[in-house]
Engineer: 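Would you mind keeping the following structure in view while I ask a few things?
Chain naming here is simple, since letters A, B, ... match the order of the sequence lines and numbering starts at 1 in each. All figures in this text were calculated on a predicted structure; none of them were measured in a lab.
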Amino acid sequence: MKHYVKMSKLYAPTLKEDPAEAELASHRLLLRAGMIRKTAAGLYSYLPLAWRSLRKIEAVIREEMEAIGAQEVQVPMVVPAELWQESGRWDAYGAELLRLRDRHERDFVIGPTHEETFVDLIKNELRSYRQLPVTLYQIQDKFRDEMRPRFGLMRGREFIMKDAYSFDATVEGMHESYEQEKAAYARICERCGLRALPVVADSGQIGGDTSVEFMALADAGEAELVWCDCDWAADVEAAQVGIAWEEGPGTDCERVETPCEGTIAALAAFMGVSERACRKSFSLIAEDGTPVLCLLPGDHELNEVKAEHAFGHYEVMDEEQMKEYGLVKGYMGPVGCDERVRVVADVSLRDSTSWLVGANEAGWHIMGARPGRDFTVDEWLDLASAKEGDACPVCGRPLKAARGIEVSQVFQLGTKYSEAMGATFMDEDGVERPFQMGCYGIGVSRTLAAVVEQSHDEQGIIWPVCVAPFEVEVVPLDVKGEVWEAASRLAGELAERGVEVVIDDRTERPGVKFNDADLMGFPYQVICGKRGIKGGVAEVKERASGERAEVALEQLADYLSERVIAERR
RNA sequence: CGGGACGUGGCUCAGCUUGGUAGAGCGCUCGGUUCGGGACCGAGAGGUCGCUGGUUCAAAUCCAGUCGUCCCGACCA
C-alpha cells in the first residue's frame with residue numbers, strides 16, 4: 001500500500017519574498033519553494049523536495065547506463081595526492097583543487113573528477129584485451145573550489161556529478177564507447193525534460209581531443225554557442241566556422257589619414273566601408289614571451305580559449321609594451337612592424353588581398369595592404385570567436401547564436417591518463433598497450449537547476465512529470481468534513497495507483513495553498529472545494545498550461561493516474 | 001584574484017548623512033472574526049545591530065582592521 005505525504009509534515013519551508021542572495025530564476029525559485037538552503041558560499045543542502053527530484057534524475061541516469069552496459073561503482077571522494085602527482089595534475093590543476101592533509105601529514109585532494117582514481121582502480125585488474133571494453137561510473141559529490149561560485153546549484157563548489165570512465169583496447173573501441181555514452185546522454189536530457197543540444201566543445205582541464213557538451217538552452221546559461229538548422233552546433237570557444245569578410249578599399253598599400261576614433265566602428269564609418277572590410281589588430285605577449293600581433297576580420301573578436309591554445313597563458317599588451325614594439329593603440333597594423341613581433345592572422349583571411357589596417361601612427365591607417373607583398377603573416381590560425389551569421393562548417397548556412405547551460409560533457413581521452421599512470425593491458429599480439437579511455441560527466445544537481453531555468457513562470461516552478469518531486473498535489477480547501485474526506489480519499493486512490501501524491505492538509509486559506517502549489521510547481525493540482533464536492537466533482541489543474549477540468553470524483557483517480565503515468569517516459 | 005555593493009529579530013528591509021530609549025512589514029504564539037488566489041482585529045514572544053579594536057560622557061550610526069555574503073570579470077559539470 002503506497003502512501004501519500006501530508007504537506008503539514010513536509011519539510012519544505014516556502015518563502016513569500018525573493019531571497020536577497022538569489023538573482024537567477026532557478027536559484028530564486030528553488031530557495032523559495034523550500035527545496036534548497038545555502039550552507040555556505042557554493043554549498044547547498046538539498047531539502048526533501050529537491051532530493052526527490054535528484055533521485056529521479058539519478059534513476060534515469062542509472063537506467064540509461066545499464067542499457068549501455070556501464071556498471072555502477074563508488075570510489076572515495078578523498079584521493080591520495082600520489083595519484084594526482086602521477087597524472088601530473090597535482091601541479092597542473094591549480095587552486096580549484098581542494099587539497100588537505102591528514103594527521104600523518106599525508107596529502108590528499110577532494111576529487112573534482114576521478115580519472116586518476118578509476119585508472120588506479122582498474123590498472124592491476126584489467127590485464128588482457130579479452131576483458132575489454134569496460135565502462136564504470138558513479139554518482140557522487142564532487143568538490144571544485146571555484147573562484148566564484150554562483151547562481152545556486154548552477155555553479156556550486158560541491159555538486160552532484162555522475163562520472164563515467166571507459167577503457168578500451170583500441171581507438172576504434174574508444175570511439176564506440178564514446179558514441180554509446182553520447183547517445184545515452186542525449187536520451188537522459190530528453191527524459192529529464194530538457195531542451196538540450198550536443199555541441200562541439202573544448203576539452204579544457206580534462207584533456208583529450210574530441211569533446212561534446214550537452215547544452216540546455218537558456219538565456220541564463222553561462223556558455224555561448226552557435227548552431228545551425230542542419231543540427232551542427234558548437235561552443236563559441238571551440239567553433240571552427242566560416243567567416244565572411246570583404247576586401248578593403250584600394251590595392252596599393254596607401255597611407256590614409258583617418259581622423260576618427262581608434263575603433264573599428266569609427267574607422268568603418270569614416271571610410272564608408274563595412275566592419276568586415278577592416279582588419280582588427282590585437283597585441284599580446286605569448287607565454288614564452290614572444291610579442292604577437294593578431295589580425296582578425298574587423299567584425300570578430302579574438303577568442304580567448306583559442307588564443308590560449310595558440311599562445312599558452314598570454315597577456316594582453318599594455319601601452320608600455322606596445323610602445324616598445326612600435327605599436328600604437330587603436331592604430332596597430334602589421335605593415336612595417338617591428339621584426340621581433342610575430343604576426344598571426346585568422347585563417348578565414350587567407351585569401352584576402354586588400355587589408356585595411358592601422359599604420360602604427362595615431363590618426364593613420366593603411367589601405368590595400370597585401371600579405372606577402374606589404375607584410376608577412378608568420379602563421380594562419382583559428383582565432384576568431386564564432387558569432388551569429390557566420391557560416392556553418394557542415395552546410396554553409398548562416399549560424400544562429402544562443403546561450404546554454406552545460407549540463408554534461410563527453411571526452412575522448414585516448415591514453416592521456418593511462419600512459420601517465422602506467423596503466424596497460426596485454427594486446428592480442430602480446431604487446432603491452434595503454435588503455436584507450438573516454439570520460440563522461442553529468443552535472444546532476446546542475447541538471448535540476450537547468451530544468452527549473454527552462455521551465456518556470458512568474459508563479460513558480462513548472463516541473464515536468466519525469467523529475468517532479470511529486471506528481472500530483474491534492475488541494476482541499478477545507479480540512480474537515482466532506483471536502484476533506486473526499487480529498488483524502490482521492491489522495492489515497494492516486495497513491496494506490498502508484499502516483500506520487502502530496503496533500504495540502506494545512507489549515508491555510510485557499511490563496512496561500514494555491515500560491516504554494518504554483519510555487520512548488522507539481523504538474524497536477526486536484527482542487528477540492530465545497531461546491532464541486534457537493535456536485536461530485538473535483539477540479540484538475542495542469543500546472544504547465546493552467547488548464548482546468550472538472551472531473552467526477554469516482555473517475556478522477558483512474559483518469560489522472562493514467563495521464564501521469566503516460567507522461568513519465 | 002581584480003572591480004562594485006551589502007551585513008540590523010526567522011525573511012524582506014528602514015534607521016547611519018547630522019552619535020543620545022533599536023524600528024516596520026511578513027512570519028511565529030494565544031484569542032476572536034474570516035475562508036476559491038499570499039485576510040482582518042486584539043494580545044504576545046523574539047535582536048550581543050557580523051566580529052575585533054579605536055574615537056567619545058555616550059557608537060547600529062564615526063574611524064581602522066577582520067570575517068562573511070552577493071553582483072560584474074578571468075576558470076568549469
Engineer: Nearest nucleotide by nearest heavy atom, which residue falls closer to the 5' end of RNA chain B, A:K513 or A:G441?
Structural biologist: A:K513
Engineer: Given B:G38, B:G37, B:C70, which nucleotide is nearest the side-chain atoms of A:K541?
Structural biologist: B:G37
Engineer: By nearest heavy atom, map A:E308 and A:H27 onto RNA chain B; which one lands nearer the 5' end?
Structural biologist: A:H27
Engineer: Where the side chain of A:L519 is concerned, which of B:G38, B:G36, B:A77 is the nearest nucleotide?
Structural biologist: B:G38
Engineer: Taking the side chain of A:E539 as its heavy atoms from C-beta onward, which of B:G36, B:G38, B:A74 lies nearest to it?
Structural biologist: B:G36
Engineer: Output the single nucleotide from B:C71, B:G37, B:C13 whose closest atom is nearest the side chain of A:A20.
Structural biologist: B:C13
Engineer: Could I get a table of every N or O pair under 3.5 Å where one atom is in the protein and the other is in nucleotides 32-34 of chain B?
Structural biologist:
from, atom 1, to, atom 2, distance (Å)
B:U34, O2, A:R509, NH1, 2.7

Engineer: Applying side-chain hydrogen bond (donor to acceptor under 3.5 Å, both in side chains), can you list everything that pairs with A:R506, at least two apart in sequence or on another chain?
Structural biologist: A:D504, A:D516
Engineer: Report which part of the nucleic acid A:P112 touches: base, sugar-phosphate, or nothing (heavy-atom distance under 4.0 Å, all strands).
Structural biologist: nothing
Engineer: As a test of reading the structure: which of B:G38, B:U12, B:C75 is closest to the side chain of A:V512, going by heavy atoms?
Structural biologist: B:G38
Engineer: Of the options B:U69, B:C71, B:C11, whose atoms approach the side-chain atoms of A:R150 most closely?
Structural biologist: B:C71
Engineer: What contact category does A:G152 fall into here, base, sugar-phosphate, or nothing, at under 4.0 angstrom with non-hydrogen atoms?
Structural biologist: nothing
Engineer: From B:G36, B:G38, B:C75, pick the nucleotide closest to the side chain of A:E96?
Structural biologist: B:C75
Engineer: When you get a sec, tell me which of B:G37, B:G38, B:A77 is the closest nucleotide to the side chain of A:D518?
Structural biologist: B:G37
Engineer: Take the angle between the ring planes of A:Y44 and A:H27 and call it parallel below 30°, perpendicular above 60°, tilted in between.
Structural biologist: perpendicular
Engineer: Is there a donor in the side chain of A:S211 and an acceptor in the side chain of A:Q409, or the other way round, less than 3.5 Å apart?
Structural biologist: yes
Engineer: By nearest atom, which of the nucleotides B:C11, B:C76, B:G27 is closest to the A:E17 side chain?
Structural biologist: B:C11
Engineer: Answer yes if the side chains of A:D91 and A:Q85 hold a donor-acceptor pair under 3.5 Å, and no otherwise.
Structural biologist: no
Engineer: Across all strands, who's sitting opposite B:U33 as a Watson-Crick or G-U wobble pair, both distances under 3.5 Å?
Structural biologist: B:A39
Engineer: Check for me whether the distance between the ring centres of A:Y93 and A:W84 falls short of 6.0 Å.
Structural biologist: yes
Engineer: A:Q138 and A:D163: side-chain donor and acceptor closer than 3.5 Å?
Structural biologist: yes
Engineer: Answer yes or no for this row: A:F159 ring on B:A77 base, centroids under 5.5 Å, planes under 30°.
Structural biologist: yes
Engineer: Please give the nucleotide sitting opposite B:A77 as a Watson-Crick or G-U wobble pair, both distances under 3.5 Å, or none.
Structural biologist: none
